[in-house]
Amino acid sequence: MQHPKGLYLLFITEMAERFSYYGMRALFVLYLVSAFFTSADASQIYGSYTGLVYLTPLLGGYIADRYWGNRRSIIFGGLTMAVGQFLMFASACFVKQSITSEGGAIDATVNNQLSLWLMFAGLAALIVGNGFFKPNISTMVGDLYEPQDQRKDSAFTIFYMGINLGAFIAPFICGTLGESDWHNPSAFKWGFFAAGCAMILSVIVFMAFKDKYIVTPEGIAIGMKPSESQLHRDEATVDTQEKATAKNSPLRLWGCLVAAILLFVLFSPDVADVNDYISSAIYSISIALPVFIITDRNLSGSDKMRIGVIYIVAVFVIFFWSAFEQAGSSLTIIADQQCDRLVGSWEMPTTWFQSINPIVVVFCAPFMVMLWETLLKHGIKVHSIIKQALGLLLLALGYLIIALGTYGLESDVKIAMWWLFALYSIHTLGELCLSPIGLSLVNKLAPSHLASLLMAVWFMSNAASNILAGNLAALLPTSAGDVHYFLGFQIATLADFFILFAIMSGIASVILLLLSPLLKKMMQGVE
């Protein structure tokens, strides 16, 4: 069935933006370890960065819903991210070699403060920009269709292919341009520069064609400022909503702000660094903001039930992404330092492993769509919640397989890279069962006046999971005798590390499956 042309414009816009994001992501941890930090510190910084990247959509979603609209938010976010990538480029231009050997100690005589501050400024711009870009472009995909249009799941899967096509190309181009040897960290600059150029291209494409293609089936412009969008709505509806808005007390906002501050103090440890404070902020906001939304007196009982489904599923998504996002931290370090990447006399670049996930998405997404449609034709309807439980189960399976492959392996023996290929491939199938289906689910369940904000809440689960992912990545044993403990579970080998994630994901999958009948009832007929 034919889709609106606007879908393909959003596909291309998101593809270029994801090229930028994943191109930088493929280099980030390697750049940190090469120039500034140890592997453990780099993993935690990566977790804080990706956590904040998925937290700021709350701000971008709120401003879009109340003031700017989707279009202006996307343009502002894209340009801000471009600035961030070019600041990363500037950081690498001035950086100097600061480690004595591969993975060795930092040379304290080397002054990289300018590069460090430029890098943090670039990260700040990327975090803010992503907050305005990501939730709004995802919301616009669903707005291209009528509320009950059965093509929405397929549309989000096609859109998801755009995300992963950009993610697939990025490590090859940015990684090849930027992956440094351990004696020249400044070589990373061209990878960051390429990522910045892709972000500029994304904004140009969107601005050039948005007025022509980003419209509803009736031809009404999508993503305009709320005041402009109201011109197309029935005046009685506007009056009713304005009266309903007056019911909300200011005490609701202040109460949630006080609760967020108290939770921040509660979560903050006695002795903390910046990463700990970021983690505390994300966890406290992840609790306070959903309470703020669900207590909105404009919401009907049916609205609250459906929003409750988004909240519950988002909790399970935290378990998925905290394990899946090891790809950007611990699994990158394993690929770089503990994986045999030789094919004959050629050594596969570490960053190329980042392309396994997106290429599997691009090739397998159409087959997954065909699978669900074929089952439906034969009277077998796989509900969205069941698909997401299956995604968690596949995640557990991937870690279980690589745990078996590395069981008994000595710490100084490198693993075959085919184990990582298998891990990434199985995890990608799990991602296809969970992520695009989740985007579609949020779009279908969210009330229209909270569409971008609730999409941001969905991404907020990614924020919490990335913080958790960074903390879990620090448990990776990198040498003989390196032992860590997590909830009484001893992690002394690679196999122990992988089994931890297999157990965590497997338990989450079973619990979500058991909850599925209740969640289906709460969705009240929305599929």
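Given the structure is predicted, the values throughout are model-derived calculations rather than measurements. The residues of the chain are indexed from 1 along the displayed sequence.
The main-chain N or O of Tyr160 is found under 3.5 Å from a side-chain atom of Asn164 such that the two form a donor-acceptor pair. Put simply, the side chain of Asn136 never gets that close to the backbone of Ser73: no donor and acceptor are under 3.5 Å apart. A donor-acceptor pair is defined here as one N or O able to donate and one able to accept, closer than 3.5 Å; no such pair exists between the side chain of Ser284 and the backbone of Leu263. Not one N or O on the side chain of Ser322 forms a donor-acceptor pair closer than 3.5 Å with the backbone of Ala469.
Aromatic pair Phe193/Phe89: ring centres closer than 6.0 Å. Centroid-to-centroid, the aromatic rings of Phe501 and Tyr399 come within less than 6.0 Å.
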Can you give me every donor-acceptor pair (side chain of residues 357-366, partner residue at least two apart or in another chain, under 3.5 Å) with its distance?
{"from": "Asn357", "atom 1": "ND2", "to": "Thr428", "atom 2": "OG1", "distance (Å)": "2.8"}
{"from": "Asn357", "atom 1": "ND2", "to": "Glu431", "atom 2": "OE1", "distance (Å)": "2.7"}

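Within 6.0 Å of the CZ atom in Phe489, the count of heavy atoms belonging to other residues, nucleotides or ligands exceeds 12. With a 6.0 Å radius and a threshold of 12 heavy atoms from other residues, nucleotides or ligands, Phe319 has its CZ atom at or below the threshold.
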Just do the side-chain contact (heavy atoms from CB on, under 4.5 Å) check on Phe188 and Leu30 with the steps written out, would you?
CA-CA 9 Å; Phe188 283 100; Leu30 297 176; 3.9 Å; yes
Walk me through it: do Glu325 and Ser465 pass the test side-chain hydrogen bond (donor to acceptor under 3.5 Å, both in side chains)?
CA-CA 8 Å; Glu325 281 297 330; Ser465 63; over 6 Å; no
Step by step, would you call Val317 with Trp458 a side-chain contact (heavy atoms from CB on, under 4.5 Å)?
CA-CA 9 Å; Val317 168; Trp458 177 259; 3.4 Å; yes
